[in-house]
Amino acid sequence: MLDKKYNHHECEVHYENWLKNGYFECGKNKGKSFTIVIPPPNVTGKLHLGHALDTALQDVIIRFKRMQGFDTLWLPGMDHAAIATEIKVVEKLKEQGINKHDLGREKFLEQAFLWKDEYALNIREQWAKLGLSLDYRHERFTLDENLSKAVKTVFVKLYEEGLIYQGERIINWDPLQQTALSTEEVIYKDVESYFYHIKYPIVGSDKYLDVATTRPETMFGDTAVAVNPKDKRYQDLIGKKVILPIVNKEIPIIGDVHADPKKGTGCVKITPAHDPNDFEVGLRHNLEKIIVINKDGTMNENALQYQNMDRFACREKLVKDLEEMGYLLKKEPLVHSVGHSERSGVMIEPYLSKQWFVKMRPLADKVLENQKNKDTKVNFVPKRFEKIMNHWMEITYDWCISRQLWWGHRLPVWYKGDEIYVGMEEPKEDGWVQDEDVLDTWFSSALWPFATLGWPDISELYQKYFPTDVLVTGYDIIPFWVNRMTFQSLHFTNQRPFKYCLIHGLIRDKQGRKFSKSLGNGVDPMDVIDKYGADALRWYLTTSTTLGTDIRYDEEKVASTWNFINKIWNASRFVIMNLDNEAVNSDLTVSDKWILTRYEETIKNVTKFMERFEFQNVGSILYQFIWEDFCDSYIEMAKFSLDKKATLNTLQEVLNGILKMLHPFMPYVTETIYQELNHTKDSIMVSDYPVYDKKKIFNDSLEEVNNLLEFVSKIRTFKQENQIPKNYQINIDAKEKDLIIKMLKCQDNLVENNLEGKIITVKDLKAVIYYEKHESPKDLERKEKEREQLIASIKKRESLLSNQNFLNKAPKELIDNEKSKLEEEKRRLETY
RNA sequence: GGGCGUUUAGCUCAGUUGGUUAGAGCAUCUGCCUUACAAGCAGAGGGUCUGCGGUUCGAGUCCGUAAACGCCCACCA
C-alpha cells in the first residue's frame with residue numbers, strides 16, 4: 001500500500017534496476033530504429049538546468065518511442081571541450097603553483113585526463129539522478145580512439161580535396177589563452193573607449209592628416225594611410241607620404257575604397273598585420289605587414305621604447321606621449337563594440353598568423369542545396385530556426401580550426417623543413433615533426449552523430465542507427481554545432497545527421513536574466529531534485545513552455561508540479577485501496593463509459609502531440625484529464641459504484657493508461673505506482689504505450705455525463721451564491737437522479753411548502769430548489785449585471801443572424817449553433 | 001545596417017488551419033477537515049489579447065504600420 005503522501009525520495013529507487021535489466025539498451029525491441037545522440041556535455045563542471053531541460057526532452061522522446069515499440073538507441077557521451085577544459089585544468093594547476101609550460105605537454109595531458117575522469121563520473125551520477133535512459137554500453141568521449149580516427153579521416157580527406165588548407169591570415173587571437181579562435185568564439189561587447197585623432201604630418205608640407213583610430217598602439221605597424229580615391233578633400237594627396245609620429249618613418253598615402261569618407265576624418269591608418277580589412281588593403285597595395293604585438297598581448301620590439309608593455313598600458317603611455325609632443329589632435333569618447341574571447345573573456349587581438357582553415361563555401365552550398373529537398377532536409381522544430389542555419393551557410397567564411405592548445409585532437413600534419421605531410425599515420429622516415437596544434441573542439445563534435453556510431457567503419461551500429469532521428473539542443477549552439485554537423489554529415493555520409501532538430505530555449509531566472517556566477521542566481525538541478533524530485537523537475541521543464549522560447553525558471557512551478565504528482569499519488573492510493581473490494585459482476589456504468597471515452601480521446605490527442613514534439617500540449621491535456629476528469633469527476637462518481645467490478649476495472653485500466661502516458665515525463669513515480677497497482681515487478685518503461693481504440697468511444701454517455709456534471713455544478717453555484725442552508729429542499733427530475741443526489745450530498749426530500757422554487761435546467765435535467773429568498777443589494781446588483789450582459793449578447797447574436805453575408809458565407813453548423821444559442825439566451829432572459 | 005522573437009488576467013505562460021462566452025497554474029475572494037489528497041474539495045471574481053490601420057460575414061489568430069523589451073548576424077579606422 002502506498003504511503004499517505006507522495007515522497008519523491010522513496011520513488012527514486014528504480015534506476016539501478018532499469019540498468020541491471022538492460023532496459024536502456026538498444027536492440028531489445030523489434031521495431032524500426034529510433035536514435036538520439038546526446039549533445040555531449042563538456043567535462044568542465046556540473047550539469048546545469050539547461051542540461052536538465054535538454055536531456056529531459058530527449059528522455060521523454062526516447063521513452064515514448066521505446067514504449068511504442070521502436071528499437072531505441074540513446075547514445076551518451078561527453079566532449080573534451082578543448083579550450084574550456086584546458087582553461088580549467090590550467091587554473092587548477094595554478095592553484096597548486098604549477099605552470100602548464102613547466103609541466104610539459106605529456107604531463108599536462110595526464111592531468112587533463114584525470115580531470116576528465118573525475119568530471120565524467122559526476123556527469124554520469126547526475127544523468128542517473130535525472131533518470132535518463134541512456135545506453136551506457138555505447139558511451140563515447142570525443143577523444144576516444146574511434147572518434148580520433150574519424151577526426152583524422154575527415155581532416156586528411158578534406159585536405160586532399162583542397163577543402164583544408166594552411167594560410168597566413170588575420171585571425172582572432174586570444175592573448176590570454178594564446179590561441180587562435182574561430183569567429184563564432186568571439187563575442188562582441190560594447191566598450192567605452194576613445195576615438196583618438198592623431199596628426200600624421202605630410203612630407204614636404206606643413207600640413208598634416210588627421211587620422212582617427214581607436215587603437216593607437218597599433219600605429220607601429222602602420223604601413224600606409226588610406227583615403228578614398230573619390231574623396232575630394234584628399235584626392236591630390238594620394239602618392240605623397242606622411243611621417244609616422246614617434247617612429248619617424250615615412251609611409252605612403254594610398255587611395256583605397258576601404259577608406260569611407262563619411263567615417264571619422266576619412267583618413268584611415270593601415271595596419272595590415274592587425275586588422276582584417278587593413279590586411280586586404282595591404283594585399284591590394286603590396287604593403288609590408290608589421291606585427292607589433294606579442295602573442296601574450298605585450299608590445300614587441302617594433303614598438304620601440306614601448307616594448308614589453310602590455311597593449312593597454314602602451315596605449316595609455318603612447319597617447320600621453322603623443323599629446324605632449326603635440327601629435328594628439330583630439331580625444332573623443334566613444335562606445336564601440338569590441339570582440340572578446342567567448343571562453344577567457346579577454347579582448348581579442350586581430351592577429352596575423354599562420355593557421356589551418358576549412359574552406360567553407362563548397363560545404364555550405366551542399367547544405368543549402370539539401371535543405372531544398374523535403375525528403376532529406378534537416379527539419380527544425382520550430383521551423384524558424386532553419387533560417388538561422390541557412391543564413392549562416394550563406395554568409396559563412398573559412399573556419400579557422402587550429403588551436404594553440406594541448407588538450408584536443410592533434411593535427412595529423414607533419415613538417416620536415418618546408419615539406420608538409422598530412423596523413424593518418426606519422427611518416428616512417430626520420431625527421432618529421434608533428435604540428436603542435438590541436439583542432440577546434442567543434443571539429444570533432446561536428447562528427448558526433450556518425451563518428452559515435454562507428455564511422456568511418458561501416459559498422460552494424462552505424463548501419464542500423466544512422467541517420468539519427470532527433471537532435472535536441474539550444475538555439476545558442478546552432479552556429480557552433482548544428483550547422484557543422486550538418487555540412488560534415490552531408491559531405492562524408494551523404495546523409496543528414498538527423499531528421500529532426502528540436503531547438504529549445506535557454507533557462508533564465510525569474511526576472512529573465514541569464515544564470516551567471518557573477519549574479520549568483522544559479523540553480524543546481526540536483527538541489528531541485530533533492531527538494532521536489534526528478535519527476536517534478538522534468539515535468540516542469542518539458543511541459544511548461546513551447547519549444548524555442550526561453551524559460552523563466554520558477555521554483556513555485558516546480559512546487560506546484562509536486563502537488564500534481566501528489567494528486568496522482570493519492571488518486572492511485574484510492575484506486576489501489578479499493579481494487580480488492582468484494583464486487584459483483586456488472587455492466588459499465590454511465591460514468592465508467594464516460595471516463596473511458598474521455599480516456600480514449602486523451603490517448604489520441606496525447607499521442608498526436610507527442611509525435612509532433614508539442615509537449616506543452618501533452619502537458620495540459622494530461623493535467624486536465626487527470627485532475628479534472630479522472631480525479632474530480634470520475635473518482636467522485638465511482639465512489640458510488642465501488643462494489644461493481646466494471647467500475648473497479650475501469651479505475652485500474654484508466655489509471656494504468658495515465659501512468660503510461662506520464663511515464664516518459666515522470667519515470668520514477670509512475671514506476672512505483674505501476675508496480676504497486678498491478679502487483680508486479682515488471683517495469684512500466686517496457687510496457688506498451690496506450691493505443692487509441694475507436695471501439696471504446698461511448699458518445700451518448702459522454703454527452704449524458706457532461707450534462708450531468710454541468711447540471712451538478714450549476715446547482716452548486718446557485719447554492720453557494722444564495723447561501724442556501726444545508727437542509728435545503730430540492731426536487732430533481734433526471735435520468736441519473738440517484739447519482740446526482742449522492743454527488744450533491746442532498747436529499748430529494750420535497751415536502752409541502754409554500755416557497756417559490758428556483759428552476760435549474762441543463763438539457764433535459766431539471767431541478768427545483770426551494771429556499772427562503774433573501775437577496776441583498778449586492779445580489780441584485782450582480783443579477784442586474786448578468787441581465788445586461790445577456791441582453792448585450794442577444795443583441796450581438798441577433799445582428800449577426802440578420803447579417804445576410806454571415807448567413808451566406810458562414811458554415812451551416814455555426815449558424816445553427818448561433819440560432820439555438822440565441823433561443824436559449826432569450827429563454828434565460830425571461831427568468832430574470 | 002539586416003533578420004528573428006516577445007508583447008494575452010496581479011505573476012508565469014498556453015491559444016493548432018480565422019468561427020460559441022479568449023484558457024491554465026500560481027495569487028485573490030467565499031464556503032467546506034465530504035473516510036485518496038487541506039500541498040485538498042466546492043464555487044467566484046479578474047482580460048477593450050501593446051497602439052493604429054486594413055482584409056473578412058467574422059481577427060488574439062491573416063496583412064500593413066508604430067512602439068517597448070529581448071536575441072541573432074554583419075559592421076564598427
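Just so we're on the same page: letters track the sequence lines, and every chain starts at 1.
The six-membered or imidazole ring of A/Trp539 lies near that of A/Phe665, with a centre-to-centre distance under 6.0 Å.
Using cut-offs of 30° and 60° on the angle between ring planes, the pair A/Tyr553 and A/Tyr540 is perpendicular. Classification of the A/Trp569-A/Tyr6 ring pair by plane angle, with boundaries at 30° and 60°, yields tilted.
Judged by Watson-Crick or G-U wobble contacts below 3.5 Å, the nucleotide B/C4 has B/G70 as its partner. Across all strands shown, B/A44 pairs with B/U28; the Watson-Crick or G-U wobble distances both stay below 3.5 Å.
Comparing the same atom, P, in B/G45 and in B/U61 gives a spacing of 26 Å after rounding to whole Å. B/G47 and B/U8: their C1' atoms are spaced 7 Å apart (whole Å). Spacing between B/U12 and B/U6 at atom C1', rounded to whole Å, works out to 14 Å.
Distance, A/Ile395 CD1 to B/G3 P: 14 Å, rounded to whole Å. For the pair A/Lys387 NZ and B/C73 P, the computed distance is 16 Å after rounding to whole Å.
For A/Phe806, taking side-chain heavy atoms from C-beta onward, the closest of the listed nucleotides B/C73, B/C37, B/G19 is B/G19. Among the nucleotides B/U20, B/C41, B/C13, the one closest to any side-chain atom of A/Thr545 is B/C13. In this structure, the nucleotide among B/C71, B/U34, B/A39 sitting nearest to the side chain of A/Asn563 is B/A39.
The shortest distance between side-chain heavy atoms of A/Glu192 and A/His336 does not fall below 4.5 Å.
Contact of A/Lys745 with B/U34 (side chain to base): no donor-acceptor pair of N or O atoms is detected under 3.5 Å.
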